[in-house]
Amino acid sequence: MNSSIPFIHPFRTLGGYYLFDVNTNAILPVTKETYIYLEYQLAGNGKQIVEVPVLSCEEVQIAQEWIKNVQEQGFLSSKRIKKIQHYIDPYLEGILENYMGHIILQVTQSCNLRCKYCTFSGSYLNRSHSELMMSEETAKKSIDFYIDHSSETPHLTFGFYGGEPFLNFDLIKRLTLYVKQKARGKKYGFFMTTNGTIINEEIVQFLVDNDVNLFVSLDGPKEVHDRNRCFVSGRGSYDVVMKNIELAKKLAPEYVAKKIGFNAVFNSETPFCSLSRFFTDFEAIKDPLILATHQNEYSLKEVEKRVLKPEDLQHYDDLGYEIYKNMLYRNGRLERQDISKIVLNWEERDRLEMEENRKLAIEVPDNYHPAGPCIPGARRLFVTVNGDMYPCERVSETSGACKLGSHDTGIDLERAKEFLNIGCLTEEECKNCWAGRFCSACIACADNGEKMDKNLKLSYCKMFKENAEAKLKKYCSFKEFNISTERQYN
Amino acid sequence: MEKKATTIYPYSKDDIQLFRYAKLIGDIQPVYAVSPPGWGLIGKDATAIDGGKPSGIVITENLDSALQNSELLVIASFEHYVGEEGGLKDTLETAIRYKKPFILLSPPQTPEEQIALETAKQLGLLHWSSEQDYQNIIALASEKDYCDDLKSPVTIIVGQGPYTSKFETQLGVRQELIKRGYKVSQIGSRPYCELFGFHSFPSFMFSRELDETQKIIAFNQFIKQIENEEEPDLIIVCVPGGIMPVFEKAHNNFGILHVEVSAAIEPDSVIYNLYSNEYSTLFYEKSAEMMHYRLNHVKTNCFIMSGSWIDYGAYQENKEFRIIKFDKPYNKIIEKPEEVPSLSIFEKNVFEKATDAVVAVLEGYNLVDHY
């Protein structure tokens with residue numbers, strides 16, 4: 001890469017031409033002629049340009065003048081990243097010593113459902129269901145490890161995860177008592193993710209007594225939910241889940257209103273409108289917290305990856321319609337209650353990224369790492385039934401490549417550094433990538449089940465760059481049409 | 001003075017100086033450090049948790065057992081304690097049960113805690129508390145509308161924000177100055193500095209009842225009174241909090257307190273404690289310039305880089321202002337300012353070097369006798 005070329009990414013919308021200036025993190029509107037000139041310069045790899053075929057000499061001169069002017073103001077620098085290194089890297093040891101955030105205990109690998117997309121269902125590389133249960137000794141040792149390594153964390157957070165965690169309810173009960181004793185003097189809380197099929201009176205009382213934040217996996221209306229979330233027998237689980245939510249509501253209405261959220265997993269098979277409408281009109285709980293995510297494709301077996309079918313178009317038509325309605329809402333043509341909560345949540349996430357969190361900078365530091373990796377172990381330490389430690393519950397716990405340590409030996413610092421600096425795997429590509437600030441590649445993108453795989457990681461880059469460009473375009477289009485974000489988010 | 005075997009509870013990193021500078025503290029000899037289990041310190045060495053030399057005293061969680069073998073209890077701050085069981089009220093009741101005299105480092109917050117404290121006082125168990133009465137000073141200041149000149153040179157210690165090792169710096173420099181034979185009057189940033197033989201920062205400076213001018217005059221009178229009584233060679237004042245906003249929401253009250261203190265006492269020199277980072281020469285130069293203009297034309301003695309670091313990423317991600325406290329020097333001092341020493345809290349003899357810098361400024365003070 002020629003070192004004199006500005007480190008920029010040009011993009012255009014229907015109404016304008018723009019540059020994303022990587023060094024300053026700024027978006028600069030430009031004239032069509034300047035845009036063409038810079039594209040030409042980028043394509044020419046920084047060669048001195050005297051003429052551009054579609055531009056007059058005067059237009060070239062104006063473009064050059066403008067570039068010179070903004071460069072004097074600190075924009076369009078050609079500075080590149082010299083070394084891929086995460087900013088946390090020098091401090092990682094200290095953070096892992098005293099600042100661990102959450103711990104998630106896999107109290108069992110057993111589950112009474114066989115969800116078709118579940119990581120344990122057999123659709124994923126190296127992951128499958130087992131009947132393994134976490135021992136009390138392993139769990140307590142892990143809790144002790146977490147408390148010992150979070151002396152500076154103001155709020156301790158304990159998660160119980162499965163399989164289906166309530167299949168090991170007795171252990172969970174004993175562990176909450178243990179936490180109460182061991183976490184004395186500090187704020188602490190519990191959270192759980194459940195399929196919702198085992199909830200009974202005793203469990204509801206336990207949840208209330210311990211103020212547990214509960215996430216129930218619920219994919220939408222019966223026909224959607226039951227398509228994937230089935231008992232071992234093949235029977236759908238929707239009716240049982242809803243009956244249990246009703247039971248909880250009857251026994252503890254306040255708890256249910258405040259502490260229960262829903263995880264909805266969907267893919268292109270799901271009719272988006274019915275999913276969205278279901279949660280908008282959800283009668284069991286008013287205005288629930290919904291975390292809607294696309295099915296995780298990382299580590300999915302090749303044969304299980306979805307190929308678009310004609311009937312999938314319905315999903316995208318629905319999604320497009322909901323996004324269109326959202327635009328009308330932004331323009332004051334529709335009311336908030338008419339809008340998909342799922343789309344609203346996504347929009348809020350984008351707004352935070354583009355408006356609140358996108359701070360202007362002077363330049364990229366010499367040592368820099370693309371956004372994406374969390375602080376492995378300090379963010380959401382996941383401990384398996386056997387006491388092995390992983391950076392979070394989303395990576396494959398049967399992949400040796402993702403293992404971070406164990407409750408016996410603690411966290412392997414070198415391994416944690418490798419995960420934190422996963423961009424080193426693709427160092428040259430990352431150093432010259434314009435989308436590093438928007439990147440979300442972590443080890444989950446590079447894990448091939450045996451090792452961190454450079455080509456596998458690179459295969460996701462196109463998608464991340466397209467997502468980044470889409471966000472930039474959306475943001476600028478809103479600006480062009482003077483569409484307020486206030487109405488959207490307040 | 002005869003030392004008393006002392007238990008400190010609830011023990012945290014903030015209380016390490018009670019161990020490290022025990023020599024300065026009257027009759028206290030810390031022998032037990034007791035901490036709530038949730039604070040994650042059980043089983044660790046009491047003075048090694050910030051990277052310091054181990055003391056051989058291991059932090060435990062059993063207050064009853066420690067008290068049975070102690071003569072005195074230091075009740076430290078419950079600011080970060082969550083929960084009723086084991087809180088201040090329980091601790092006061094435990095002290096009463098064991099009839100142990102105690103030192104209270106921060107005042108009660110609830111009526112129940114106040115009642116327990118009153119009961120302990122009636123039993124004669126309150127050995128010392130941080131409560132101070134400043135009514136005389138406020139009354140004195142209300143009769144004046146100007147500041148008195150100070151005769152003694154004044155050094156102030158300030159930090160970029162909280163947790164920049166200011167307290168350790170105050171104690172280290174004080175100890176060194178006394179060792180060199182200087183008579184020092186000192187006002188520290190914590191509410192229990194009297195334990196270490198100097199004055200605490202006066203609470204009226206945080207009052208909502210006094211306006212800014214009244215605070216400046218009151219602070220001036222507070223220091224003037226100390227100067228008259230103690231006739232020091234040097235006055236050291238450490239200002240709590242931070243001198244400037246670090247982020248939008250971590251504004252450190254915009255450093256107003258620092259401006260008020262400097263208006264009141266016209267300091268001669270400043271020790272500036274920084275968060276850990278890799279600073280450029282330009283940064284040091286600009287910082288000294290900022291000190292000069294913000295703190296009444298003060299000269300910067302030295303910079304001391306602390307073991308705390310601001311996690312800018314956490315702020316960007318979720319607006320959390322997170323200060324990471326390290327027990328090792330993760331950042332090296334790469335570039336140095338040309339004229340002002342730049343030190344690290346982790347380096348050997350850091351306070352001797354800081355004291356050298358303070359003394360160097362003092363040596364130019366009042367070279368010519370005049371009236």
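Remember, it's a predicted structure, so these values are computed and weren't measured experimentally. In what follows, every chain begins at residue 1, and chains take the letters A, B, ... in the order their sequences are listed.
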Proximal component of [X], with respect to chain A [non-hydrogen, under 4.5 Å]:
X: B:I49; result: neither
X: B:K44; result: side chain
X: B:Y81; result: both

inquiry  = Please verify the inter-ring angle class for B:F78 with B:Y9; under 30° counts as parallel, over 60° as perpendicular, anything in between as tilted.
reply    =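 Because their plane-to-plane angle is over 60°, the rings of B:F78 and B:Y9 count as perpendicular.
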query = With under 30° as parallel and over 60° as perpendicular, where do the rings of B:W309 and A:Y91 fit, or are they tilted in between?
reply = parallel
request  = Among the options A:Y99, A:Y188, A:Y146, pick out the one with the most heavy-atom pairs lying under 4.5 Å from chain B.
outcome  = A:Y99
query = chain B: which of A:A371, A:S151, A:P154, A:A183 shares the most heavy-atom pairs with it under 4.5 Å?
reply =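 Most heavy-atom pairs under 4.5 Å with chain B: A:S151.
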Measure distances from [X] to the heavy atoms of chain B and classify the residue's part below 4.5 Å as side chain, backbone, both or neither.
X: A:L156; answer: side chain
X: A:I95; answer: both
X: A:Q181; answer: backbone

query = Do B:S165 and B:S306 meet the criterion of a side-chain donor-acceptor pair at a distance under 3.5 Å?
reply =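 B:S165 vs B:S306: no donor-acceptor pair found between side chains.
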query = Between B:T94 and B:T91, do the side chains contain an N or O donor and an N or O acceptor separated by less than 3.5 Å?
reply =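 The criterion, which ignores hydrogens and geometry beyond distance, is not satisfied for B:T91 and B:T94.
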message = Does any part of the side chain of B:I345, heavy atoms only, come nearer than 4.5 Å to the side chain of B:E168, both counted from C-beta?
response =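 Yes, their side chains come closer than 4.5 Å.
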message = Any heavy-atom pair between the side chains of A:K182 and A:K140 that's under 4.5 Å?
response =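 Side chain of A:K140 against side chain of A:K182, heavy atoms only: no contact under 4.5 Å found.
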query = For B:F102, which of B:V74, B:L92, B:I96 qualifies under side-chain contact (heavy atoms from CB on, under 4.5 Å)?
reply = B:L92
request  = For chain A, find which of B:K325, B:R322, B:E85 contributes the most heavy-atom pairs closer than 4.5 angstrom.
outcome  = B:K325
